[in-house]
Number of protein chains: 2
Amino acid sequence: MEEGLRERKKRETRQRIADIAMGLFLQRGFDNVTVAEVARAADVSVNTVFNYFRTKEDLFLDRSEESEDLLARVVRERRAGETAVQAVRRDFFEALDAGDWRYGMSDGLDLFAQRVRESPALQSRARLIEANRESRLARTLADETDADPDDLTPWLVSAQICAVVRALTRHFAVRQAAGEDPASIRADLREHAERAFDLLERGIGGYCPRP
Amino acid sequence: MEEGLRERKKRETRQRIADIAMGLFLQRGFDNVTVAEVARAADVSVNTVFNYFRTKEDLFLDRSEESEDLLARVVRERRAGETAVQAVRRDFFEALDAGDWRYGMSDGLDLFAQRVRESPALQSRARLIEANRESRLARTLADETDADPDDLTPWLVSAQICAVVRALTRHFAVRQAAGEDPASIRADLREHAERAFDLLERGIGGYCPRP
DNA sequence: CACCAAATTTGGAGTCACTTAAAGATTTCA
DNA sequence: TGAAATCTTTAAGTGACTCCAAATTTGGTG
């Protein structure tokens with residue numbers, strides 16, 4: 001099953017468009033670059049761009065598939081004896097220690113994060129990705145526990161796990177946007193994350209009682 | 001401080017546009033009605049519509065302010081001795097018992113919910129409303145606990161509370177969309193909600209261990 | 001090599017949300 | 001009443017995205 005000339009060219013063209021688009025977006029901001037400009041820079045027609053990418057946002061957040069599947073995969077591949085939360089907790093800290101980008105907390109995502117922050121369209125798309133991530137994790141949990149089709153528990157657990165991951169990611173992003181050094185944020189984040197996962201595992205029932 | 005002719009006319013025009021738009025949207029679907037049609041039906045120019053409503057989505061999800069503030073208000077006005085979760089729990093069941101619409105679980109929101117479900121633009125806007133609701137609750141919790149500016153806890157708690165409310169609302173919507181009777185869904189939902197809030201208060205640490 | 005069929009690319013025309021600027025029209029108030 | 005402030009409309013874009021039919025390119029076959 002060789003890859004013919006046709007397939008290779010398609011892949012190359014798609015990649016070229018995506019790369020050139022990302023370059024322009026990072027340089028000038030997502031909303032300040034038109035699809036027509038991307039097309040011109042990539043030396044194709046506008047219609048060809050839309051042939052490969054359904055929307056302009058897809059040009060920027062291309063490989064969102066991996067991000068959407070992340071938590072579901074971590075749970076699917078968790079170790080013997082590990083609960084869902086324990087698996088996510090472990091993977092999160094592994095990524096933190098390795099400086100991996102998969103939870104959005106590495107160095108060098110600065111400009112990328114800034115471009116997302118300043119564009120309502122990209123923020124909206126980011127929320128969609130998060131929603132899909134939550135759905136996938138919920139389905140995985142339902143599978144793994146042979147849950148009843150209308151058992152809410154997988155959805156509740158998924159939503160809460162995603163909520164914690166989102167809060168931690170957001171915290172990193174906010175402080176990075178404020179100009180703090182990524183490495184020192186990650187150092188702080190370790191303690192914050194410990195408390196966050198503890199809260200997740202043990203519940204928030206005692207929080208904020210009115211005197 | 002009387003309301004002058006100008007103010008009254010403005011209020012009336014805005015209301016007329018919103019009412020006529022909602023009628024058209026419910027009848028034919030959000031994406032099948034153009035702003036130009038709304039304008040013509042309301043006997044104003046397109047620019048007047050955009051003068052009152054910043055986007056087409058605002059025509060549909062006008063009074064989202066109340067929805068965004070709901071949980072924050074419930075916590076602000078919680079009773080003596082109540083924790084944040086207890087307050088939300090109580091308010092949720094009050095709404096459920098009263099058949100109130102504020103958590104999206106009354107009769108008669110059928111068509112409205114369907115229109116949201118079938119429109120990507122409206123779903124996107126609904127996610128934005130949920131995100132704002134989460135932010136407001138987080139800020140409220142931070143205020144109420146005099147939390148450190150970079151204490152993550154208010155955000156974590158807010159995200160988890162919102163996650164549970166969202167899951168419950170979603171469950172109602174899914175079953176309503178499948179044609180079930182709202183009253184009987186609400187009956188089931190009572191048990192589901194009890195378990196959901198228990199889980200929220202006590203934690204999900206033991207969920208889904210791998211054998 | 002030549003040729004056909006399928007897949008890609010392109011150009012062109014159009015829709016729709018939304019913006020901007022300037023010219024009316026209406027309301028307020030001195 | 002007349003001028004100032006405020007609304008509304010008209011007109012002319014911009015930009016994402018769609019639809020369609022005409023070119024072009026590629027893969028396989030005789």
Side-chain angles (χ1 to χ4, degrees), chain A residues 1-18 20-22 24-25 28-62 115-116 118-126 128, chain B residues 1-18 20-22 24-25 28-62 115-116 118-126 128:
Chain A
M1 193 73 176
E2 288 293 313
E3 185 195 51
L5 176 59
R6 188 163 251 156
E7 271 74 33
R8 205 193 68 222
K9 268 191 145 180
K10 267 182 79 171
R11 196 169 38 75
E12 285 172 353
T13 302
R14 185 194 161 93
Q15 196 56 49
R16 182 163 43 87
I17 295 173
I20 287 175
M22 182 57 80
L24 290 174
F25 290 150
R28 295 168 36 205
F30 185 75
D31 297 324
N32 301 322
V33 178
T34 69
V35 175
E37 284 178 299
V38 172
R40 205 170 44 241
D43 201 39
V44 294
S45 76
V46 172
N47 277 3
T48 300
V49 175
F50 283 117
N51 189 12
Y52 286 105
F53 301 90
R54 295 190 29 209
T55 67
K56 184 185 177 186
E57 288 77 29
D58 284 324
L59 276 173
F60 192 89
L61 297 166
D62 200 7
R115 291 317 183 201
V116 175
E118 70 197 5
S119 162
L122 289 180
Q123 286 189 70
S124 172
R125 173 55 68 101
L128 175 60
Chain B
M1 193 71 176
E2 287 294 313
E3 184 195 51
L5 175 58
R6 186 161 251 154
E7 271 74 33
R8 204 192 69 221
K9 268 191 148 180
K10 269 183 78 172
R11 195 170 38 74
E12 284 172 353
T13 302
R14 185 194 161 93
Q15 196 57 49
R16 182 162 43 88
I17 295 173
I20 287 175
M22 182 58 80
L24 290 173
F25 290 151
R28 297 170 32 206
F30 184 74
D31 296 323
N32 300 322
V33 177
T34 68
V35 174
E37 285 178 297
V38 172
R40 203 170 45 242
D43 201 40
V44 293
S45 77
V46 172
N47 273 17
T48 299
V49 174
F50 283 117
N51 188 14
Y52 285 106
F53 301 91
R54 294 189 33 207
T55 67
K56 184 185 177 187
E57 288 76 29
D58 284 324
L59 276 173
F60 192 90
L61 296 166
D62 198 8
R115 293 316 184 199
V116 174
E118 70 197 7
S119 163
L122 289 179
Q123 287 188 69
S124 173
R125 173 55 69 99
L128 174 59

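Residue numbers start from 1 in every chain, and the chains themselves are labelled A, B, ... in the order their sequence lines are given, proteins ahead of strands.
The NZ atom of A/Lys56 sits 8 Å away from the C1' atom of D/dG15 (whole-angstrom rounding). At whole-Å resolution of the value, CZ in A/Arg11 and P in C/dA7 are 20 Å apart. Rounded to whole angstrom, the span from the CZ atom of B/Arg40 across to the P atom of D/dT10 amounts to 13 Å. The CZ atom of A/Phe50 sits 12 Å away from the P atom of D/dG15 (whole-angstrom rounding). Put simply, NZ on A/Lys9 is 9 Å from P on C/dT9, counting in whole angstrom units. Taking atom CG on A/Leu59 and atom P on D/dG15, their separation rounds to 16 Å, with Å as the unit. Remark: P of D/dA16 and CD of A/Glu57 are 9 Å apart, rounded to the nearest angstrom. Protein atom CG of A/Asn32 is 14 Å distant from nucleotide atom C1' of D/dT14, rounded to whole Å.
B/Thr13 places a side-chain N or O within 3.5 Å of a backbone atom of B/Lys9 that can act as its donor or acceptor partner. With B/Arg28 contributing its side chain and B/Val33 its backbone, the two residues share no donor-acceptor pair below 3.5 Å.
When the side-chain nitrogen and oxygen atoms of A/Thr48 are compared with OP1 and OP2 of C/dT10, one or more of them lie within a distance under 4.0 Å. For the pair B/Lys10 and D/dC7, the criterion of a side-chain N or O lying under 4.0 Å from OP1 or OP2 is met. OP1 or OP2 of C/dT8 has not a single side-chain nitrogen or oxygen of A/Asn51 nearer than 4.0 Å.
If you check the side chains of A/Asp58 and A/Thr55, you find a donor sitting under 3.5 Å from an acceptor.
Within 4.0 Å of A/Val46, counting heavy atoms only, lies no atom of the nucleic acid at all. Counting non-hydrogen atoms under 4.0 angstrom, B/Tyr52 reaches the backbone sugars and phosphates but no base.
Remark on DNA chain D: of its neighbouring residues A/Asn47 and A/Val33, the 5'-side contact belongs to A/Val33, judged by nearest-heavy-atom nucleotide.
In this structure, the separation between CZ on B/Arg40 and OG1 on B/Thr34 is 7.0 Å, given to the nearest 0.5 Å.
Picking from C/dC18, D/dT8, C/dC16 the nucleotide with the shortest atom distance to the side chain of B/Thr13 gives D/dT8.
Taking 4.0 Å as the cut-off between side-chain N and carboxylate O, B/Glu12 and B/Arg8 count as a salt-bridged pair.
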